[in-house]
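Take a look at this one; I'll ask things after.
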Amino acid sequence: MSCFLQAPVAHTILSSASSCRTVRRTKALKLRCGALGAKNAAKIPMPPINPKDPFLSKLASVASSSPEAVLNSSANPDTLPFLDLFESPKLMATPAQVERSVSYNEHRPRSPPPDLPSLLLNGRIVYIGMPLVPAVTELVVAELMYLQWMDPKQPIYLYINSTGTTRDDGETVGMETEGFAIYDALMQLQNEIHTVAVGAAIGQACLLLSAGTKGKRFMMPHAKAMIQQPRVPSSGLMPASDVLIRAKEVVINRDTLVELLAKHTGNSIEAVAEVMRRPFYMDANRAKEFGVIDKILWRGQEKVMAEVASPEEWDKNAGIKVMDGF
């Protein structure tokens, strides 16, 4: 009986001793690994941690308060490591909100740079570089009103490179009221308006060029100006009566354009209406003679341009007889 009782007790004692040895070995192994990790950590330089990074801040907070949550991270293959610590997981902050490291973003601006139109607007420059469609009119009028609100005494510089309410092939892209809207905005400003033609100023854009403050209307040496009659937009499936109404409106816009050009160029209404019967192109010299601009904007160009003969003089000196109507 005693033998049967002693055997289980002895087995139990041996098992306990074995368990204790296993625990001691495990603890010793953990201590050696920890010492080895600390030794290696001392050798490997750690990069600086950005305190503004929400991911790293949250991870450090959880590690200090409950290390087991970090050590026993989720083993779910569908979840990235440590993202289960967040109520609304995010991989990282956006570049505009946080700098990733001191060395990487040391010299970068703290905010996104402004766009180019904003930089020009800061210099009181408004640039029209497209046909006068509603989106362009909206932006230009808003910029003009903003600049007057900022300072009603400083001049506004309007650079123009536009084919007006038509494209270069003559197709209508906008109503004539788009050009008149910008013109009316210019007329109600208290500021001086310096207009500069770069490239082309055609149709309504030519009107805007001539509408600048007298003495402050400029044109680049190789820019072109052109005035022409407004065009009837595509009638499409419009009834004949509607086409007639649209044609009458175009005639009214033409008469308005003639009157405004005559006012700003100093020519008579009859003279403007005569040259507008067909597209009337003007280079810098001719635009100055016609009264669209006051000065050709080119450093040192006054003496050079004064010595350049006009096209008519070139033809006369070359013995070319100009036929009437050509």
Spatial distance of atom CD (Q154) from atom CD (E192) [nearest 0.5 Å]: 10.0 Å

Nearest heavy atoms of Q228 and M276, plus distance in Å: O-CE, 3.2 Å

Path from L158 to M145 over hydrophobic side-chain contacts below 4.5 Å: yes

Gap separating the OG1 atom of T137 from the CD1 atom of I182, nearest 0.5 angstrom: 4.0 Å

Any donor-acceptor pair under 3.5 Å from N161 side chain to A200 backbone: yes

Donor-acceptor contact below 3.5 Å, side chain S162 vs main chain G164: yes

Residue that, paired with I160, satisfies side-chain contact (heavy atoms from CB on, under 4.5 Å) out of V198, L209, V196: L209

Worked check of side-chain contact (heavy atoms from CB on, under 4.5 Å) between Y157 and L147: CA-CA 10 Å; Y157 303 92; L147 290 176; over 6 Å; no

Polar side-chain atom of Q148 near backbone of N191 as donor-acceptor pair, under 3.5 Å: no

Aromatic plane relationship, H194 with F218 - under 30° parallel, 30 to 60° tilted, over 60° perpendicular: tilted

Candidate pair F290 and I227, rule side-chain contact (heavy atoms from CB on, under 4.5 Å), full reasoning: CA-CA 11 Å; F290 195 73; I227 54 178; 4.2 Å; yes

Contact check, side chains of V251 and R254, non-hydrogen atoms, under 4.5 Å: yes

Joint hydrophobic cluster, Y146 plus V141, side-chain heavy atoms closer than 4.5 Å: yes

L132 side, atom CG; E176 side, atom CD - distance, nearest 0.5 Å: 9.0 Å

hydrophobic_cluster_shared for V140 and M150, side chain cutoff 4.5 Å: yes

Hphob cluster co-occupancy, Y159 + L139, side-chain heavy atoms under 4.5 angstrom: no

Exercise: identify the closest heavy-atom pair between T265 and L261: OG1-O, 2.5 Å

N/O donor-acceptor pair under 3.5 Å between N253 side chain and T177 backbone: no

The single option from M282, K224, M226 passing side-chain contact (heavy atoms from CB on, under 4.5 Å) against C206: M282

Within-4.5 Å side-chain heavy-atom neighbours: T195 and L208: no

Atom of R217, atom of S210 and distance for their closest heavy-atom approach: NH1-O, 3.0 Å

Residue M130 excluded, over 12 heavy atoms near CE under 6.0 Å: no

Reported CG-to-OG1 distance for the pair L186 and T213, which is rounded to 0.5 angstrom: 9.0 Å

Separation of D283 CG from I296 CD1 (nearest 0.5 Å): 8.0 Å

Test side-chain contact (heavy atoms from CB on, under 4.5 Å) applied to F180 and L207, step by step: CA-CA 9 Å; F180 291 144; L207 170 64; 4.2 Å; yes

Hydrophobic cluster identity match, M175 and I202, side-chain contacts under 4.5 Å: no

Gap between atom CD1 of I125 and atom CD of E143 - 0.5 Å precision: 11.0 Å

Distance-minimising heavy-atom pair for G215 and D294: N-OD2, 2.7 Å

Closest approach of R286 to F280 (non-hydrogen atoms, all atoms of both residues): NH2-CE1, 3.7 Å

Derivation of the side-chain contact (heavy atoms from CB on, under 4.5 Å) call for E259 and I269: CA-CA 6 Å; E259 292 176 2; I269 294 178; 4.1 Å; yes

